[in-house]
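What follows is one structure encoded as structure tokens, with my remarks underneath.
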Amino acid sequence: MAQSTAISAGISGSARFLLDCKATGQSCATNARYALPNLESKSFLCGQNAGLRNKAILRQGANARTHKATLKERRQVARATAAVKEPAVGEKAGVVENGKDKERVMIIGGDGYCGWATALHLSARGHEVAIVDNLVRRTFDDQLGLQTLTPISSVHTRVKKWKQIKNKDIKLFVGDVCEFDFLADAFQQFEPDAVVHFGEQRSAPYSMIDRSRAVFTQHNNVIGTLNVMFAIKEFAPQCHLVKLGTMGEYGTPNIDIEEGFIEITHNGRKDVLPFPKQGGSFYHLSKVHDSHNIAFACKAWGIRATDLNQGVVYGVKTEETSLDEALINRLDYDGVFGTALNRFCVQAAVGHPLTIYGKGGQTRGYLDIRDTVRCLELAITRPAKLGEFRVFNQFTEQFSVRDLAKLVTEAGRKLGLEVKSINVENPRVEAEEHYYNAKHSKLIDMGLEPHYLNDSLLDSLVNVAIQYKDRVDYEQIMPGVSWKKIGAKPRTGVALAKS
Ligand SMILES: O=S([O-])[O-]
């Protein structure tokens, strides 16, 4: 199908109005249910010895499994855990175990932060890649007056540049997966072996701005995923759904977090059940709903799926996105879309104090974007079986917000920057000191070799931030979306900044 046909046929509903507004230069505010009244607002409303040593560290590591252990102790244990794992059989032999060597992979949300890096990674490794995206992420920036730190090219320029550099085609379907006819058409044309679904509204603060953003997030995410499931059932029943979930689905229970399932004994009977979910925002809850829908579809229809409960991603460069400035990835530093470590590195680069929300004891799983793309490759080339619903916890290390602030302060100091921190009132409703120990061994068992957070990554991230620091808008740095103050009334940029 010609790209232009995809564009005109594929966009409807909320995404169509957003794109129409953009194309015609009209104010979205007057046209659209989910648009903001003030588009111009700049505020962000809108060897053996080593093996023995590692095993010894693990034996001593019980204490390090709790939040009371020092950062250094916990990192030692994380590394030792990875090091004593036997490589997966397929990995030893250098072969793909059950997937095909080259898959036809549809990447929904392939113009976004994780999606773009994944599209290039898979294309570079010989897979046939198609990007499906309604480009609404770019429209959120236009609505809220935000801008990625890095100057990203249009998706069309990105794909053309990739063809020039690598002589590889990436097909492009611009449209909204909430529009089933568009999705059905893309499925029938591309005939995917695997669908990676990144195409969701992925910001917790965005979903907590006001009623319309909460509704948009759950509609876009839950209905989009339902449509993808139906497209698989109807047009590609062998196709493997690789769905991006989030570690935030689990919340912060006062017990270890398992990888998807937990064995429970209750009144003398035993069963393996889904691990309890306690999403902390309307966004996180949209992913919880997705997980339940997908698990049900695997059981009822016999389709195959992998739910990747991803931690917080940091970094910007991958092998492929570094090849040319036109391939550069986005890097968000604002209070709505910026993730913790990325935000801190940009703050350090521009001399803004690091913004620690509340006490800073909030602990989560983190991973380098270079590991995100590798995890996706592992999931695709070693697919779930028909009828199977797999869950992997996709992160490599745990940090508290305080830990991250310390690491960035130290990295900044080595680069000659004076980095300060401030504790700001926590805009979220969440525990600020808590137990956290989440299992994450399945991807390592499959062959993931993590890029642990180290000085060189921090240096490079801070240096990217220094390179583009003239693009930083200081007004976007502080958090402005309050979990408690969310209301039914649409929020404007000014109101949001002052909340
Ligand atoms: O592209 S995204 O995930 O901000």
Side-chain angles (χ1 to χ4, degrees), residues 87-110 114-115 117-132 171 177 183 186-188 190-199 225-245 259-261 274 287 290-310 367 371-394 440-449:
V89 179
E91 201 59 24
K92 267 188 195 159
V95 296
V96 170
E97 278 185 276
N98 28 9
K100 286 189 291 180
D101 242 345
K102 304 294 170 221
E103 305 269 347
R104 297 177 64 75
V105 187
M106 173 183 279
I107 303 185
I108 302 172
C114 293
T118 303
L120 295 189
H121 181 83
L122 295 177
S123 173
R125 279 146 194 84
H127 299 285
E128 279 288 314
V129 171
I131 287 176
V132 174
K171 290 198 176 49
V177 298
L183 183 63
F187 255 75
Q188 286 167 297
F190 186 66
E191 299 179 342
D193 301 311
V195 173
V196 180
H197 187 12
F198 286 110
T225 297
L226 272 173
N227 280 350
V228 173
M229 286 159 32
F230 274 93
I232 290 174
K233 179 177 193 298
E234 204 73 18
F235 307 114
Q238 301 287 322
C239 176
H240 178 206
L241 171 58
V242 180
K243 166 69 174 42
L244 267 289
E259 288 201 77
F261 302 91
K287 299 261 186 183
D290 285 338
S291 295
H292 291 147
N293 285 341
I294 298 167
F296 170 74
C298 290
K299 202 188 282 175
W301 305 338
I303 64 172
R304 59 175 105 216
T306 303
D307 204 5
L308 295 173
N309 284 335
Q310 184 163 248
L367 75 163
D371 290 337
T372 290
V373 300
R374 176 71 179 135
C375 289
L376 265 301
E377 183 188 0
L378 288 167
I380 287 163
T381 53
R382 293 153 175 78
K385 299 187 198 68
L386 283 172
E388 185 185 8
F389 173 67
R390 297 189 303 195
V391 182
F392 299 158
N393 291 347
Q394 181 168 309
H440 55 109
S441 59
K442 292 187 189 170
L443 283 157
I444 297 210
D445 290 345
M446 288 167 76
L448 176 68
E449 291 171 8

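Just so you know, these numbers use all the heavy atoms, side chains as well, and skip hydrogens, waters and symmetry mates.
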When you compare the side chain of [Y] with that of [X], does any pair of heavy atoms fall below 4.5 Å?
{"X": "Q310", "Y": "C375", "answer": "no"}
{"X": "R104", "Y": "D193", "answer": "yes"}
{"X": "V132", "Y": "V195", "answer": "no"}
{"X": "K442", "Y": "N393", "answer": "no"}
{"X": "T306", "Y": "I380", "answer": "no"}

- Item | Stepwise side-chain contact (heavy atoms from CB on, under 4.5 Å) check, T225 with N293 | CA-CA 8 Å; T225 297; N293 285 341; 5.7 Å; no

- Can any side-chain N or O of H240 pair as donor or acceptor with the backbone N or O of R304 at less than 3.5 Å? no

- Message: Between R374 (side chain only) and E449 (backbone N and O only), is there a donor and an acceptor less than 3.5 Å apart?
- Response: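 A pair under 3.5 Å: no.
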
- Task: Under the side-chain contact (heavy atoms from CB on, under 4.5 Å) rule, what do M106 and H197 come out as? Steps first, then yes or no, please.
- Result: CA-CA 8 Å; M106 173 183 279; H197 187 12; over 6 Å; no

Least distance between heavy atoms, [X] atom then [Y] atom:
{"X": "L183", "Y": "A231", "answer": "CD2-CB, 4.0 Å"}
{"X": "R125", "Y": "K102", "answer": "O-NZ, 2.9 Å"}
{"X": "T118", "Y": "F198", "answer": "OG1-CZ, 3.5 Å"}
{"X": "A379", "Y": "V242", "answer": "CB-CG1, 4.2 Å"}
{"X": "C298", "Y": "A305", "answer": "SG-CB, 3.6 Å"}

- What's the verdict on side-chain contact (heavy atoms from CB on, under 4.5 Å) for F230 and W301, showing C-alpha distance, side-chain angles and the deciding distance? CA-CA 10 Å; F230 274 93; W301 305 338; 3.8 Å; yes

Between [atom1] of [X] and [atom2] of [Y], what distance do you get to the nearest 0.5 Å?
{"X": "E377", "Y": "H121", "atom1": "CD", "atom2": "NE2", "answer": "3.5 Å"}
{"X": "I232", "Y": "N227", "atom1": "CD1", "atom2": "CG", "answer": "11.5 Å"}
{"X": "L443", "Y": "D371", "atom1": "CG", "atom2": "CG", "answer": "9.5 Å"}
{"X": "Q394", "Y": "L378", "atom1": "CD", "atom2": "CG", "answer": "9.0 Å"}
{"X": "L367", "Y": "C114", "atom1": "CG", "atom2": "SG", "answer": "7.5 Å"}
{"X": "K233", "Y": "I303", "atom1": "NZ", "atom2": "CD1", "answer": "9.5 Å"}

- Task: Test F392 against every option in L448, L308, I444 by the side-chain contact (heavy atoms from CB on, under 4.5 Å) rule and name the one that passes.
- Result: L308

- Item | E128/K171 under side-chain contact (heavy atoms from CB on, under 4.5 Å): CA gap, chis, key distance, verdict | CA-CA 9 Å; E128 279 288 314; K171 290 198 176 49; 4.1 Å; yes

- Task: Report, as yes or no, whether the 6.0 Å neighbourhood of atom NZ on K299 holds more than 12 heavy atoms from other residues, nucleotides or ligands.
- Result: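 12 or below, so no.
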
- Query: Parallel, tilted or perpendicular: which fits the ring planes of F389 and F261, with parallel below 30° and perpendicular above 60°?
  - Reply: perpendicular

- Item | Residue that, paired with K243, satisfies side-chain hydrogen bond (donor to acceptor under 3.5 Å, both in side chains) out of D290, D307, N309 | D290

